[in-house]
S.K.: 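Below is one structure. I have some questions about it.
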Amino acid sequence: MTTSDTEIVCRRLVGRTAVITGAGSGIGLATARRLASEGANVVCADIDASAGKAAAEEVGGLFVKVDVTSPEEVEALFKTAFDTYGSVDIAFNNAGISPPDDDSILTTGLEAWKRVQDVNLTSVYLCCKAALPYMQRQGRGSIINTASFVAIMGAATSQISYTASKGGVLAMSRELGVQFAREGIRVNALCPGPVNTPLLQELFAKDPERAARRLVHIPLGRFAEPTEIAAAVAFLASDDSSFINATDFLVDGGISGAYVTPL
């Protein structure tokens, strides 16, 4: 049973402000819905104005168009959140890309490498840097950075810059979690397994063999649903996870614990 199968009754985030990057689709959209259902004021940030506005309207939140690789736009995002709602309590730094020209190290060009690093890693650095001063003044906050199970494991079907960027997100989250813990700020890296998002569906529809090669490694026998990842974000954002900090929070269906999987 997934969170989509049950009515959400938790109200752990009433009055808190959550900033979500990449809120227009996939994990970001599912998380915007979940956090709003738990009472949060949700700021939906996305480079896609159409998708971002639709997400914000659906959850009764605020849309901010942002290029997460721009320091000025990221700073403006968090200032807008604070000016509108009076606090920045949760930062879900989730925006990321996985382009087809990011492949084996032998074929991935420098431009593709840099583009993925900018969106997946540098943006998280910028968002954390922008969010932390608000949280320091409040004496509380939860930052959740989207890494990946590939930050923990290696894959022979490499996306070299994506994998490296997610490893960087994990290491940075751990360091920030340690550095700011005594100021009431927790920082964790969310490490999802493969998720049934439009991006993944499109990728695997073009190459069913590629999907099958990955699916066989998941003990649960399926990809995650975005709502399942959103539930993990809501937990990390809430006081229920008050002693969870500076960690790799795996939501991977058991991939990282498997040697062989059930037939």
S.K.: Between E72 and K79, does any side-chain N to carboxylate O distance fall below 4.0 Å?
M.R.: no

S.K.: Which is it for D239 and R16 under the salt bridge (charged side-chain N to carboxylate O under 4.0 Å, His left out) test, yes or no, and what are the steps along the way?
M.R.: CA-CA 12 Å; D239 293 340; R16 300 188 190 184; 2.7 Å; yes

S.K.: Taking atom OG1 of T69 and atom CD of Q117, what is their separation to the nearest 0.5 Å?
M.R.: 13.0 Å

S.K.: Side chain to side chain contact (heavy atoms under 4.5 Å, CB included) for T157 and R213? Distances and angles first, verdict last.
M.R.: CA-CA 9 Å; T157 51; R213 186 170 182 184; 3.3 Å; yes

S.K.: Do NZ/NE/NH1/NH2 and the carboxylate oxygens of E111 and R115 come within less than 4.0 Å?
M.R.: yes

S.K.: Quick one: pull up SG in C127 and CG in N145 and give me the separation to the nearest 0.5 Å.
M.R.: 8.5 Å

S.K.: Output the rest of the hydrophobic cluster of L236: all Ile, Leu, Val, Met, Phe, Trp and Tyr residues reachable through side-chain heavy-atom contacts under 4.5 Å, sorted by chain and number.
M.R.: L13, I20, I27, L35, V42, V59, I90, F92, I144, L190, V195, I229, V233, F235, I244, F249, V251

S.K.: Other than Y259, which residues form its hydrophobic cluster under the rule that side-chain heavy atoms must be closer than 4.5 Å?
M.R.: V260

S.K.: Could you tell me whether the side chain of T197 reaches within less than 4.5 Å of the side chain of P226, counting heavy atoms only?
M.R.: yes

S.K.: With sequence neighbours left out, what residues match D240 under salt bridge (charged side-chain N to carboxylate O under 4.0 Å, His left out)?
M.R.: R12

S.K.: Could you check whether E225 and N196, counting side-chain N and O atoms only, form a donor-acceptor pair closer than 3.5 Å?
M.R.: yes

S.K.: Side chains of V66 and D46, heavy atoms from C-beta outward: is any pair under 4.5 Å?
M.R.: no

S.K.: Quick one: list whatever passes side chain to side chain donor-acceptor pair (under 3.5 Å) with E75, sequence neighbours left out.
M.R.: none

S.K.: Within the 4.5 Å heavy-atom criterion, are C128 and N93 side-chain neighbours or not?
M.R.: yes

S.K.: Please tell me whether Y85 and F63 are part of a single hydrophobic cluster in this structure, the criterion being side-chain heavy atoms less than 4.5 Å apart.
M.R.: no

S.K.: Between T261 (side chain) and V216 (backbone), is there a donor-acceptor pair under 3.5 Å?
M.R.: yes

S.K.: I'd like to check R34 versus T227 (side-chain heavy atoms, cut-off strictly below 4.5 Å). Are they in contact?
M.R.: no

S.K.: Can you tell me how far the CD atom of Q138 sits from the CZ atom of F82, to the nearest 0.5 Å?
M.R.: 7.0 Å

S.K.: To the nearest 0.5 angstrom, please state how far the CD atom of E38 sits from the CZ atom of R33.
M.R.: 15.5 Å

S.K.: If we only count heavy atoms from C-beta on, is the L77 to V68 side-chain gap below 4.5 Å?
M.R.: no

S.K.: How many angstroms lie between OG in S161 and NZ in K166, if you round to the nearest 0.5 Å?
M.R.: 10.5 Å

S.K.: Do I185 and Q136 pass the side chain to side chain contact (heavy atoms under 4.5 Å, CB included) test, and can you show the C-alpha distance, the side-chain angles, and the key distance before you say yes or no?
M.R.: CA-CA 8 Å; I185 301 166; Q136 285 180 300; 3.9 Å; yes

S.K.: With a cutoff of under 4.5 Å between side-chain heavy atoms, which Ile, Leu, Val, Met, Phe, Trp and Tyr residues group with I105?
M.R.: L106, L110, W113, I160

S.K.: Between S241 (side chain) and S238 (backbone), is there a donor-acceptor pair under 3.5 Å?
M.R.: yes

S.K.: Test your reading of the model: is there a side-chain donor-acceptor pair from D102 to the backbone of Y162, 3.5 Å cut-off?
M.R.: yes

S.K.: Would a hydrophobic clustering, with Ile, Leu, Val, Met, Phe, Trp and Tyr connected at side-chain separations under 4.5 Å, put I47 with V119?
M.R.: no

S.K.: CD1/I143 to CE/M172 distance, rounded to the nearest 0.5 angstrom?
M.R.: 9.5 Å

S.K.: Can you confirm whether V124 sits close enough to S165 that some side-chain heavy atom of one is under 4.5 Å from a side-chain heavy atom of the other?
M.R.: no

S.K.: Any chance CZ of R137 has more than 12 other-residue heavy atoms, nucleotides or ligands included, within less than 6.0 Å?
M.R.: yes

S.K.: With sequence neighbours left out, what residues match E175 under side-chain contact (heavy atoms from CB on, under 4.5 Å)?
M.R.: none

S.K.: Side-chain contact, heavy-atom cut-off 4.5 Å: T31 with N94?
M.R.: no

